Structure formats: structure tokens, C-alpha cells
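What follows is a single structure, written as C-alpha cells, with notes after it.
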2 protein chains.
Amino acid sequence: MDNKKVLVRARGITRSKERIREENELIILIAAEKVFAKHGLKGSTTKQIADMAKLPKSNIHYYFHTKLNLYRCVLESILVDWMRAADTFNKFDEPREALKYYVGAKMNLSRTRPFGSKVWANEIISGAPEMEEVLSSRLKQWVDTCVSSINRWVELKKIVNVGDAHTLLYMIWATTQHYADFDYQVMILNNGKELTDSEFEEKKQQVIDLVLRSVGLNP
Amino acid sequence: MDNKKVLVRARGITRSKERIREENELIILIAAEKVFAKHGLKGSTTKQIADMAKLPKSNIHYYFHTKLNLYRCVLESILVDWMRAADTFNKFDEPREALKYYVGAKMNLSRTRPFGSKVWANEIISGAPEMEEVLSSRLKQWVDTCVSSINRWVELKKIVNVGDAHTLLYMIWATTQHYADFDYQVMILNNGKELTDSEFEEKKQQVIDLVLRSVGLNP
DNA sequence: AAAATATTTGACCATTTGGTCAGGTTATAT
DNA sequence: ATATAACCTGACCAAATGGTCAAATATTTT
């Protein structure tokens, strides 16, 4: 109808094509992240994602073509946040600072983007069919530098000899991501109540302290 | 054919009905555990499970009726091993012993039954729709006694004050289960090679040491 | 040995699924 | 103003899926 068009124009709320695409892609990505987190790639349906996004199913296909492609886009978008958190590790020379801020950043990510963490978890549990390349290139590289840092700290006697540095890294990853991936279990064992923000801050500090002590540092 | 029957009888390799059921149920459970581990409940198909078990699909339905029921049976069977490992925690009064053997038992379980761990992980990540009851009754109860033990150790100054005992428990769970749930990632970061038995024993000891130090105990 | 019971399995079915497409609407360039 | 390009979506389809069933085979009981 021309009426509608004129009305919209008059109100100045016309969305440009560019904005429309941007907005819808974001809406779909957010919806897909939630659905994939809960059901994994194979277990999620495009209909579920469409319903979550409050858009017709055809619209999902219009913007992302296939479910697999949408899934890859979700993984990619999570990777961005993930790498940002990873950066904090190498910003500090002192193990106490590096560990404190890295563990803190990972905990924050678990709090702010739990669905993303779950999608990753699902992907790795399934044998990482879509992330193989990222894991063995970008992640491997980052881990190698991390391992070097940790080994240097050991040599300089700044931390205890932890054996294989990977073991420490895995402990940090696993523990911090536990609060996202297993949030439901955490809630049940917290007497059925979600962790409040201040409770979460407490846990974060406790995790940091556990990690610091685990390498022989006194928090 | 009667020939077959006679032959089989003569060789004494006739399977009794009871054995047949036992054997097939086990075969199916093992196959289902692998498939559910990789694809979750919704993502797994009865055909996949049938192929993995090398049985016709109808056979799966004959023994377990529905996919959901089979899934529940898999979870139940995992719970048995899980609770056995949990028992080790309360067998020792001294935190050093209790933690050492519990972490060791959990690591062993990750090594011997990685698929089971993955099925559980998937279930919790999905919001534990089938395990809600087990979590809030059996698991909650066990966790409560664990928390009491840990708090007592803190009061007796046997370990450092860790704040909320749950945080320590989660660290142990997450770290040990990481070697099962994320085994693919662990492999890639181990230069694409599976951990050998002796490598795994090393990691196990390193995890134990990390945990002991994290509560202020000198390994 | 025959009746009864349990196992096995291919054929079948209703429903769900990822994906297509034509025809419509809306924004933008000329 | 009109043409063009982008957005939107209901209707549709082939393939896959969980599950059923009847008929065949195997074991156990009588």
C-alpha cells in the first residue's frame, strides 16, 4: 500500500536496505546461537531458529542460505569474542597478573555469552567437524605461545613446575567454561537459583585464587 | 532351516533367550552411547545407532521401544560408573588422600568411558531435560556431603579457605571431564596424536598436583 | 513333536526436515 | 516517475526420520 509507505516516510523510520540486512542478520545470529547451544547442529531445526528470531523460515534461508552456513557464521562470530579474551593472557609479563586477568576475562565471557560457549562445546564434543582448521591453526598457534610463557615462568622460578603447561591451560578453560556450559547444573546445585551478579563475582575471585595457588602463587 | 538348528545344537553354541537379550541390549547400549555422545539426543538417529550396533533398526526398537527410552537407559548406565567414582571422595578423612583418589578416579573415568562423559555433557548443556530429577536429588545430596567435608577441612585448617566449596568441586569436575569431552581438542593440541597411556598418567598426576596446590596442600 | 513364547527383519507409513521458488512488497538509483 | 535491485514469505517438495507391523525364524515348554 502506498499509504503505509508515505506514513513510514513521514515518520522517518524507513530502514535502509543496508540496515535491514545488518539488523536481520544479527537477529538471526543471536537466535541461532541460542538454538544451536541447546540442540547442537544436527539437533537444531531451521524452523526453531526462525521461531526464536520471530521471522519466517524462508527468511533465514534468504540471509544464510543453508543451516550449515549459518552454523559456521555463528561459530565465527563467537571466535571473535573468544580471541579477544585470549589476548589478555599475553598483555602481562608477571604470571600473577596474566593469570588473574585471563581467568577473569574467561569468566566474564562465560557470564555474558553462555550460549556461544555452549555452541563451541557442542562442536568440540562432536569432534569439531567444522572447526578443525581453526583449532589446528589459529588456536594451536595461540596455545603454543601461551605454553612458552608458562614454561618461561617456570624457568624463572616465578611459578611452580607444573609439568606440561597444557594441563594448566586446560584447567583454566574447563573451569571457567563450566559456568557457561553447565549453567543449568550450577543453578540446580545453587538451590535452584541462578547466580546473582555479586555471587558470580565471588565465584570469579575464588576461581582466580584457586588457579593462582595451583601454580604456587599466593593470591 | 533345521540343519542350522541341529548344527548349532551339536556345537553347543546355542544362545539362550536370556543371553540373547542380555547381549543385544549391551551391544545396543554401547552403540547408542557412542552415537549420542557425538550427536546428542535429537541429533542422533535410530538408524545411526542400528548401523553402529550392526543390527537392523527394528531390532533397536524391539529392545528399547523408543529412542528417548534408549537414551534414558544410556544415561542411567553411565550414572552407575559415575557414582562409583564419587564414592572414593568420602573414603578418606585426609583431604590430601580424598582429593588425590577422587581426582584420579575421575581422570580414569574420562579415559575409560569418554563417550559416557560426553552424553552427560550434552545432556547438561541442553538443560538436562531428562536428568533434572537425578541432579536435584541424588547429585545434590552427594554434593552437599562433599561440601560439608571440604568446609570441615577448612575449619580444621587442613586446607586453605576456598570460599564456596562448590567452586573447588566444579574445578575438579570440569578439569577431569575436559579430557573426555574435549578429547578431540586435546588430541589436536597434542600435535594431532592421541595421548598414550603413559602420557595420560602424567597428565593425571599433574592435575592431581594442581588441585592439591590450589587448596594449599603441597603434593 | 507340537504348542507357546521370544527374536528377527523387511516393508511400510505419517510426520518432520532442509531447502526451493514464484510472486509480491519495499527501497533506491536514474 | 519509473526501472532496478533487494527484501519478504506462503506454498511446495524430495528426502529422512521415528516408529509399526506382520510374517519368518529360533528357542523353550509341555
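Every value quoted in this text rests on a predicted model; they were computed, and no experiment measured them. Throughout, protein chains are lettered first and strands after them, A, B, ... in sequence-line order, and every chain is numbered starting at 1.
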Compare the minimum distances between each of C:dT28, C:dG18, D:dC7 and the side chain of A:S16, then state the nucleotide with the smallest one.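 Among the listed nucleotides, the one closest to the side chain of A:S16 is C:dT28.
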
What's the [atom1]-[atom2] distance between [X] and [N], to the nearest Å?
X: B:F64; N: D:dG18; atom1: CZ; atom2: P; answer: 16 Å
X: B:L70; N: D:dG19; atom1: CG; atom2: C1'; answer: 14 Å
X: A:I49; N: C:dG18; atom1: CD1; atom2: C1'; answer: 11 Å
X: B:I60; N: C:dT7; atom1: CD1; atom2: C1'; answer: 13 Å
X: B:R19; N: C:dT7; atom1: CZ; atom2: C1'; answer: 16 Å
X: B:N69; N: D:dG18; atom1: CG; atom2: P; answer: 15 Å
X: A:Q48; N: C:dT17; atom1: CD; atom2: P; answer: 7 Å
X: A:L68; N: C:dG18; atom1: CG; atom2: P; answer: 12 Å

Please tabulate, for side-chain N and O atoms in residues 78-85 of chain A, each donor-acceptor pair with protein atoms closer than 3.5 Å (sequence neighbours left out).
unit_1, atom_1, unit_2, atom_2, d
A:D81, OD1, A:R84, NH2, 3.0
A:D81, OD2, A:R113, NH1, 3.2

Is A:K67 near enough to C:dG18 that one of its side-chain N or O atoms lies under 4.0 angstrom from OP1 or OP2?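 Answer is yes, contact under 4.0 Å.
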
Would one find more than 12 heavy atoms of other residues, nucleotides or ligands at under 6.0 Å from atom [atom1] of [X]?
X: B:K204; atom1: NZ; value: yes
X: B:K203; atom1: NZ; value: yes
X: A:F92; atom1: CZ; value: yes

So if I apply the side chain to side chain contact (heavy atoms under 4.5 Å, CB included) rule between A:R72 and each of A:E130, A:M131, A:K67, which one comes out positive?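 Exactly one candidate clears the test, A:E130.
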
Return yes if some donor-acceptor pair links the side-chain N/O of A:D183 with the main-chain N/O of A:P114 below 3.5 Å, else return no.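 Answer holds: no.
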
Does anything in residues 21-41 of chain A reach DNA chain D, meaning a heavy atom under 4.0 Å, and if so which residues? A:R21, A:N24

DNA chain D: A:Y63 or B:H61, which has the more 5' nearest nucleotide? A:Y63

Can you sort out the partners of A:K140 under salt bridge (Lys or Arg N to Asp or Glu O under 4.0 Å), two or more places apart, ordered by chain and number?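 Salt bridge (Lys or Arg N to Asp or Glu O under 4.0 Å) check on A:K140 returns A:D144.
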
Using the benzene-type ring in the case of Trp, are the ring centres of A:W142 and A:Y102 under 6.0 Å apart?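 Ring centroids of A:W142 and A:Y102 are less than 6.0 Å from each other.
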
Can you give me the bend angle of the helix from C:dA1-D:dT30 to C:dT30-D:dA1? Use the axis through the first five pairs and the one through the last five, nearest 10 degrees. 10°

Once each nucleotide of nucleotides 9-14 of chain C is scored for protein heavy atoms under 4.0 Å, what B/S/- sequence comes out, 5' to 3'? BB----

Distance only, no hydrogens: is a donor on one side chain within 3.5 Å (strictly under) of an acceptor on the other, for B:Y170 and A:Q185? no

Among side-chain atoms of B:E194 and B:N190, is any donor-acceptor pair under 3.5 angstrom?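 No - no donor-acceptor pair under 3.5 Å links their side chains.
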
Can you tell me which residue pairs pass the salt bridge (Lys or Arg N to Asp or Glu O under 4.0 Å) test with a partner in residues 35-55 of chain B, sequence neighbours excluded?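 Sorted pair list: B:K47-B:D51.
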
